[in-house]
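Heads up, the thing below is written out as structure tokens.
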Amino acid sequence: MAALRNTGGAIVAAALSMAAIVTYLLQNPRPKYYYSVGKILSSKKKKSSNGGLVDAIGNTPLIRINSLSEATGCEILAKAEFLNPGGSVKDRVAVKIIEEALDSGELVRGGVVTEGSAGSTAISLATVAPAYGCKCHVVIPDDAAIEKAQILEALGATVERVRPVSITHKDHYVNTARRRAEEAKELASKQQKINQLDAEDSEKTNGHILQGGQNPLSVFPDDCKGGFFADQFENLANFRAHYEGTGPEIWEQTSGKLDAFVAAAGTGGTVAGVSLFLQEKNPKIKSFLVDPPGSGLFNKVTRGVMYTHEEAEGRRLKNPFDTITEGVGINRLTKNFMMAKLDGAFRCTDMEAIEMSRFLLKNDGLFVGSSSALNCVGAVQAAKKMGPGHTIVTILCDSGMRHLSKFYNAQYLSQYGLTPSATGLDFICIR
């Protein structure tokens with residue numbers, strides 16, 4: 001009986017506590033950018049579906065980064081894209097690319113989606129492809145964080161690691177992925193011819209590819225229904241994913257009350273889709289690029305010429321970019337980036353990105369990846385440029401879980417003189 005009385009008392013106490021919480025929330029509503037779960041789920045128009053994994057993509061929370069907001073006097077908000085099922089902003093792109101390819105007939109169920117990626121887009125494709133009855137083949141530079149390749153293999157993707165070379169080289173990871181898609185198409189065509197033979201001829205072939213149709217890597221199964229190259233850099237489905245999804249979500253979550261959007265660019269899809277949508281909704285909203293070392297986009301935006309100091313000084317490393325941040329920075333214009341509507345650009349050094357990641361972890365409990373940290377540096381630079389009282393939105397692309405072997409590896413960073421030591425935000429400069 002005593003136990004029963006104690007249990008009953010606990011239930012009453014809990015009920016009173018809950019009533020107090022509800023009363024407090026009704027009397028002290030949070031700012032508009034904090035949404036209830038119901039509001040978040042109803043904020044995006046979706047196709048009718050079966051309620052699977054794909055439906056969980058998008059509608060990510062827009063969170064206030066308290067430490068940066070208090071330090072700058074601005075409201076600095078960030079889309080928590082690491083909460084997507086595949087762990088990054090690229091889930092949106094993967095879904096859009098695959099759905100458009102299926103709609104157009106370029107991809108069919110049973111086909112293989114190929115992509116050249118430094119990691120996040122590939123992981124997203126490998127995550128969602130099975131939901132559409134497809135497989136994934138990824139070509140990745142061999143200097144990318146090892147955990148990314150491990151995640152891809154765990155997801156069931158075939159991973160092909162290649163040496164980093166110029167995009168003009170036939171064996172660049174993007175060009176290799178494009179070639180693999182063609183090989184898959186050829187394999188499917190050959191297999192279709194085999195299936196059309198009569199039973200006697202089919203037995204003679206014994207299920208093997210006809211002469212001249214051998215797949216050089218033997219990475220595709222005999223029942224492969226063709227290949228499709230996702231082409232995230234040039235495929236405008238990337239841009240559309242953010243123009244139709246991320247941008248409208250930001251607009252709704254802020255009730256249109258924002259002054260600036262800041263993001264880095266790899267393929268350029270995010271910064272292009274969001275900036276164009278916001279500019280069309282309100283031309284007064286500023287959009288800024290933040291660019292890592294070795295990328296030519298900063299000079300393209302600010303001076304109109306694709307140019308980097310590394311090229312001029314003849315000290316470019318083996319990689320296209322002299323940076324440890326992954327997935328952002330580029331030295332060519334993509335179709336996606338050319339859709340962007342930008343009002344300016346900032347630079348961000350590796351040291352600034354590293355220091356920012358540790359600052360956010362210590363002060364906000366945010367464990368973010370390298371591009372997310374770079375975006376936050378850009379948000380602070382925009383806040384300093386615009387002055388207190390403004391609302392600035394950026395993107396937390398992914399978490400730090402995919403960056404343990406490099407960006408969060410003390411031994412690796414010390415080799416390049418990148419050991420973090422800052423205690424505040426004094427490490428950020430406006431360039």
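What's counted below: heavy atoms across the whole structure, side chains too, no hydrogens, waters or symmetry copies.
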Quiz item: Can you tell which of V290, L396, V89, V328 makes a side chain to side chain contact (heavy atoms under 4.5 Å, CB included) with S371?
Solution: V328

Practice problem: Go through the side-chain N and O atoms of S69 and E75 and say whether any donor and acceptor fall under 3.5 Å apart. | Solution: no

Self-check item: Euclidean distance, E160 CD relative to L152 CG, rounded to 0.5 Å
Solution: 12.5 Å

Practice problem: Give a yes or no on this: more than 12 heavy atoms of other residues, nucleotides or ligands lie within 6.0 Å of atom NZ of K384. | Solution: yes

Quiz item: Should the pair K185-E182 be classified as a salt bridge under the 4.0 Å nitrogen-to-oxygen rule?
Solution: yes

Quiz item: Does the ring center of F288 lie less than 6.0 Å from the ring center of F261?
Solution: no

Quiz prompt | Lys NZ or Arg CZ of R402 over F407 ring: under 6.0 Å, within 45° | solution = no

Quiz prompt | Ring-ring centroid check Y408 Y412, cutoff 6.0 Å | solution = no

Quiz item: If you take all heavy atoms of L258 and V393, which pair is closest and at what distance?
Solution: CD1-CG2, 3.9 Å

Quiz item: Side-chain contact, heavy-atom cut-off 4.5 Å: N175 with V139?
Solution: no

Quiz item: Mind checking whether I392 and L77 have side chains closer than 4.5 Å, heavy atoms only?
Solution: no

Practice problem: Quick one: do R92 and E249 satisfy salt bridge (charged side-chain N to carboxylate O under 4.0 Å, His left out)? Show the steps, please. | Solution: CA-CA 12 Å; R92 300 173 183 266; E249 288 175 31; 2.9 Å; yes

Quiz prompt | Electrostatic pair E352-R347, nearest N-O below 4.0 angstrom | solution = no

Exercise. Please determine if R163 and D171 form a salt bridge, counting it only when a charged side-chain N lies under 4.0 Å from a carboxylate O.
Key: no

Quiz item: Okay, side chain of Q381, backbone of I428: is any donor-acceptor separation there less than 3.5 Å?
Solution: no

Exercise. Check the pair L333 / L297 against side chain to side chain contact (heavy atoms under 4.5 Å, CB included), numbers first and verdict last.
Key: CA-CA 8 Å; L333 287 179; L297 295 179; 4.2 Å; yes

Quiz item: So does E183 pair up with R180, basic N to acidic O under 4.0 Å?
Solution: yes

Quiz item: Which pair of heavy atoms, one from C136 and one from V112, lies closest together, and at what distance?
Solution: C-CG1, 4.3 Å

Exercise. Would you check if C397 and S88 make a side-chain contact, meaning some heavy-atom pair closer than 4.5 Å?
Key: no

Quiz item: Is the closest side-chain donor-acceptor distance between E115 and S117 under 3.5 Å?
Solution: no

Quiz item: Any side-chain heavy atom of F239 within less than 4.5 Å of one from T270?
Solution: no

Quiz item: Is the shortest heavy-atom distance from the side chain of M356 to the side chain of L425 under 4.5 Å?
Solution: yes

Quiz item: How about T267 and Q232: does a side-chain donor come under 3.5 Å of a side-chain acceptor?
Solution: no

Quiz prompt | Non-hydrogen side-chain atoms of D350 and P293 separated by less than 4.5 Å | solution = yes

Quiz prompt | Atom pair CZ/CD of F337 and E234 - distance to nearest 0.5 Å | solution = 12.5 Å

Quiz item: Taking atom types as modelled, is there a side-chain donor on S287 or D343 under 3.5 Å from an acceptor on the other?
Solution: no

Quiz item: Between I250 and K79, does a side chain to side chain contact (heavy atoms under 4.5 Å, CB included) hold up when you go through it step by step?
Solution: CA-CA 8 Å; I250 290 172; K79 283 287 273 179; 3.8 Å; yes

Quiz item: Is there a side-chain contact between V165 and Y173, using heavy atoms and a 4.5 Å cut-off?
Solution: no

Self-check item: Where T60 and Q253 come nearest, the two heavy atoms and their spacing
Solution: O-NE2, 3.0 Å

Quiz item: Considering all heavy atoms of both residues, which atom of D398 and which atom of S120 are nearest to each other, and what is their separation?
Solution: OD2-OG, 3.5 Å

Quiz item: At their closest point, which heavy atom of I98 faces which heavy atom of A129, and how far apart are they?
Solution: CD1-CA, 4.0 Å

Quiz item: Can K300 and D291 be counted as an ion pair, charged N to O under 4.0 angstrom?
Solution: no

Exercise. Inspect the surroundings of CD in Q415 and state if more than 12 heavy atoms from other residues, nucleotides or ligands are less than 6.0 Å away.
Key: yes

Exercise. In plain terms, say whether E326 and K148 are close enough for a salt bridge, that is, a side-chain N and a carboxylate O under 4.0 Å apart.
Key: yes

